[in-house]
Amino acid sequence: MSVIATYTVTGMTCGHCEASVREEIEEIAGVESVKVNRTRNSAEITSAAPIDEKAVIDAVKEAGYDATPAAQ
């Protein structure tokens with residue numbers, strides 16, 4: 001069974017922003033897929049097991065944006 005985690009990502013304004021965030025998150029071990037949506041300020045991460053929250057936040061920062069876990 002897959003685990004889905006959603007994060008609020010702020011600062012994205014275009015498709016390139018979405019791609020940068022997606023590419024950084026995809027580099028985290030265990031990530032199966034990532035959906036990034038700038039109009040919803042969100043990143044949805046699918047994985048087989050929970051992904052370390054700090055790893056996701058750090059990856060988004062590496063892309064130049066800020067992330068926080070979305071309220072579930």
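The structure displayed is predicted, hence computed values, not measured ones.
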Exercise for review: In sequence, state the C-alpha distance, the side-chain angles, and the governing distance for I57 and T68, and then conclude on side chain to side chain contact (heavy atoms under 4.5 Å, CB included).
Suggested key: CA-CA 7 Å; I57 292 169; T68 55; 6.0 Å; no
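- With sequence neighbours excluded, no residue forms a side-chain hydrogen bond (donor to acceptor under 3.5 Å, both in side chains) with T13.
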Exercise for review: Go through the steps to decide whether T10 and D66 satisfy the test side chain to side chain contact (heavy atoms under 4.5 Å, CB included), and finish with yes or no.
Suggested key: CA-CA 5 Å; T10 55; D66 291 315; 3.6 Å; yes
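- The two residues E24 and A63 make their nearest non-hydrogen contact at CG-CB, 3.8 Å.
- Between T46 and V3, every side-chain heavy-atom pair lies at or beyond the 4.5 Å cut-off.
- Residues meeting the salt bridge (Lys or Arg N to Asp or Glu O under 4.0 Å) test with R38, sequence neighbours left out: E18.
- Here E32 contributes atom CD and E26 contributes atom CD; the two are 12.0 Å apart, rounded to the nearest 0.5 Å.
- Considering CD1 of I25 and CG of D58, their distance stands at 11.5 Å, rounded to 0.5 Å.
- Between Y65 and V21, the closest side-chain pair of non-hydrogen atoms falls below 4.5 Å.
- Between S33 atom OG and R22 atom CZ the span is 11.0 Å, to the nearest 0.5 Å.
- The shortest distance between side-chain heavy atoms of Y7 and E44 does not fall below 4.5 Å.
- Looking at V56 and I28, their side chains come closer than 4.5 Å, going by heavy atoms from C-beta outward.
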